[in-house]
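Below: one structure, written as structure tokens.
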Amino acid sequence: MSFTSLGLAEPLLRAVAEQGYDTPSPIQLQAIPAVLAGRDLMAAAQTGTGKTAGFTLPMLQRLMESKRKVSPNRIRALVLTPTRELAAQVGESVRNYGKHLPMRSHVVFGGVSINPQMMATRRGLDVLVACPGRLMDLYNQNAVKFDEVEILVLDEADRMLDMGFIRDIRRILALMPKKRQNLLFSATFADEIRELATGLLDNPAVIEVAPRNSTAERIEQLVHPCDKANKIALLSHLVTSNNWQQVLVFTRTKHMANRVAETLDKNGVSAAAIHGNKSQGARTRALAGFKDGSVKVLVATDIAARGLDIDKLPQVVNFELPNVAEDYVHRIGRTGRAGAAGHAISLVAADEGKLIKAIERLTKQNIPCEQVAGFEASRETLDNIARGIGAPLRKEPRDPSEQRRAPRPQAQGQRQGAGRSAANGNAGGARTGNDGKPKPQGGQRPADGAGKPAQARRPRRASHNQ
Ligand code: AMP
């Protein structure tokens with residue numbers, strides 16, 4: 001199958017050829033004809049599947065065909081994304097694929113001056129790519145109106161809900177004309193996404209493509225049990241002893257991302273942190289350094305890493321496991337792109353036994369566990385990993401108001417696994433399996449704040465600038 005047979009117009013085919021693509025990816029094969037036919041779309045697809053071209057190409061063609069002239073402060077197509085990085089990347093795709101068409105496009109997000117953005121929207125735009133927070137700021141200042149929107153794209157809708165953008169999204173939806181084309185992209189079809197889709201989409205084409213690299217065979221995964229205090233030293237040892245040239249490291253917090261990057265840098269391993277508290281300039285510099293090889297280790301929080309387009313990443317390290325098991329799949333999906341072998345290593349401490357068990361349940365696999373000589377974990381760490389206990393799991397509320405509806409905590413220990421034979425006392429560095437049969441709870445996420453007093457829980461509410 002070629003792009004030509006999908007019904008794309010010549011200026012778009014030329015732009016695709018200039019990008020060097022000759023074969024459409026599975027999501028493009030399905031999405032492009034459906035969008036060209038004017039249908040709404042509900043697509044489960046992650047970064048790395050080629051989803052951006054999957055909606056950008058037919059969206060540009062629809063705009064070209066409808067030939068409506070754009071009025072001042074109005075936009076014809078709106079693409080909403082959760083993060084600045086993703087917005088910038090989608091904006092770049094719109095520019096690249098639309099370079100032979102007379103289209104005006106712009107990208108807006110927080111953390112940078114609003115004035116140039118107001119100047120850009122003043123004349124009207126064919127395509128606006130935006131993060132919801134800044135878009136609402138622009139709307140509130142009368143810089144943009146939504147009453148001429150022909151096409152709406154929600155990109156990474158699940159992440160936008162995670163980040164608490166649902167109210168902004170609903171406000172924006174209410175300001176749009178009823179008759180328009182809606183395209184929704186999400187990594188999963190979780191209940192919240194289905195609920196959003198029900199009110200938004202009209203008889204949508206439904207597309208699900210497997211995340212390109214989430215399968216166990218494509219990514220070699222490994223757990224290194226490790227005491228918390230030794231994690232940075234172990235990471236530094238792994239980078240140098242394996243001579244890793246490009247590794248993406250995930251931490252749970254911005255503070256930890258900074259600490260890890262600074263300590264590695266002091267140890268002579270070039271590293272940079274990327275997260276929502278960094279200025280846009282610092283983030284762009286860190287990413288550019290990582291891509292050109294001058295920064296070997298990029299340390300990122302889940303939210304900041306989301307949407308980063310880094311091809312063929314050889315190595316991902318979970319410095320800390322994510323609180324939400326699904327995020328593990330997103331994280332390791334960053335490695336092994338485009339047919340290359342990928343490696344994902346998780347450093348697991350005493351308080352993360354429960355998290356690794358939840359990940360194994362979700363992904364229906366046992367992750368091999370291997371001690372690293374010189375960094376052997378304590379008995380407590382090994383025991384916790386073996387028994388699947390440790391920090392209580394939190395299902396993070398999508399929205400602050402959801403906290404009140406959160407289920408009651410489960411009793412501590414109710415969900416403990418039977419044991420993880422691999423971790424126990426296996427100090428010699430040999431790799432073994434573990435018990436890991438899925439428990440009767442199946443793939444369900446654990447209750448919000450299991451084992452933790454309710455007042456200790458806080459919703460994840462990222463700033464609009466993330
Ligand atoms: P996305 O999932 O949209 O973030 O795209 C992931 C990467 O795949 C980007 O670097 C795209 O430039 C690239 N890409 C998109 N479509 C194709 C294609 N048909 N063939 C090869 N690479 C592609």
Side-chain angles (χ1 to χ4, degrees), residues 1-8 12-36 41 43-61 77 79-99 105 107 127 129 131 153-160 183-188 207-215 218-219 246 248 287-288 290-292 300 302-314 316 329-340 342:
M1 244 320 184
S2 67
F3 279 100
T4 322
S5 53
L6 294 177
L8 289 170
L12 293 166
L13 290 173
R14 198 155 23 115
V16 169
E18 283 164 11
Q19 292 293 307
Y21 309 147
D22 46 21
T23 317
S25 69
I27 183 91
Q28 292 164 358
L29 275 178
Q30 298 178 69
I32 292 173
V35 179
L36 285 180
L41 193 68
Q46 295 179 3
T47 297
T49 54
K51 68 181 166 72
T52 315
F55 65 75
T56 305
L57 290 166
M59 172 181 79
L60 291 171
Q61 181 150 333
V79 183
L80 288 178
T81 74
T83 64
R84 303 174 196 178
E85 277 78 14
L86 187 61
Q89 281 165 22
V90 172
E92 198 183 325
S93 293
V94 171
R95 275 194 304 280
N96 283 338
Y97 298 129
K99 69 204 251 197
S105 68
V107 181
V127 181
V129 184
C131 295
V153 182
L154 298 183
D155 196 9
E156 299 200 350
D158 53 335
R159 187 54 50 147
M160 285 198 278
L183 317 177
L184 183 149
F185 287 78
S186 171
T188 63
I207 298 173
E208 281 186 72
V209 295
R212 211 148 76 180
N213 294 299
S214 70
T215 50
R218 307 270 316 259
I219 301 170
Q246 197 185 40
L248 180 61
L287 188 59
F290 191 56
K291 284 186 173 179
D292 73 21
D302 288 282
I303 289 172
R306 197 62 187 189
L308 289 184
D309 177 25
I310 309 160
D311 274 343
K312 297 192 184 78
L313 199 54
V316 165
V329 180
H330 290 305
R331 288 178 175 190
I332 70 165
R334 310 315 306 257
T335 181
R337 291 233 174 115

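In each ligand, atom 1 is the first atom listed, and ligand 1 is the first ligand listed. Quick note: numbers below take in every heavy atom, side chains included, and nothing from hydrogens, waters or symmetry partners.
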Ligand-residue contact atoms, ligand 1 with Phe3, heavy atoms, under 4.0 Å = 19 (N)

query = So how far is it from Thr83 OG1 to Asp302 CG, rounded to the nearest 0.5 Å?
reply = 12.0 Å

remark   = Value for CG (Asp155) from CG (Leu183), rounded to nearest 0.5 Å, stands at 10.0 Å

key: Part of Gln19 with heavy atoms under 4.0 Å of ligand 1, whether side chain, backbone, both or neither   = neither

ask   = Short list, please: which atoms of ligand 1 are under 4.0 Å from a heavy atom of Gly50?
value = 1 (P), 2 (O), 3 (O), 5 (O), 15 (C)

query = With atoms numbered from 1 as shown, which atoms in ligand 1 lie under 4.0 angstrom from a non-hydrogen atom of Lys51?
reply = 1 (P), 2 (O), 3 (O)

Near-ring test Phe185/Phe55, centroid separation under 6.0 angstrom = yes

query = Are Leu60 and Val127 close enough that some pair of their side-chain heavy atoms sits under 4.5 Å apart?
reply = yes

query = Which atoms from ligand 1 have a heavy atom of Thr23 less than 4.0 Å away?
reply = 18 (C), 19 (N), 20 (N)

key: From OG1 (Thr81) to CZ (Arg159), nearest 0.5 Å   = 12.5 Å

note = Here the atoms of ligand 1 under 4.0 Å from any heavy atom belonging to Thr52 are 1 (P), 3 (O), 4 (O)

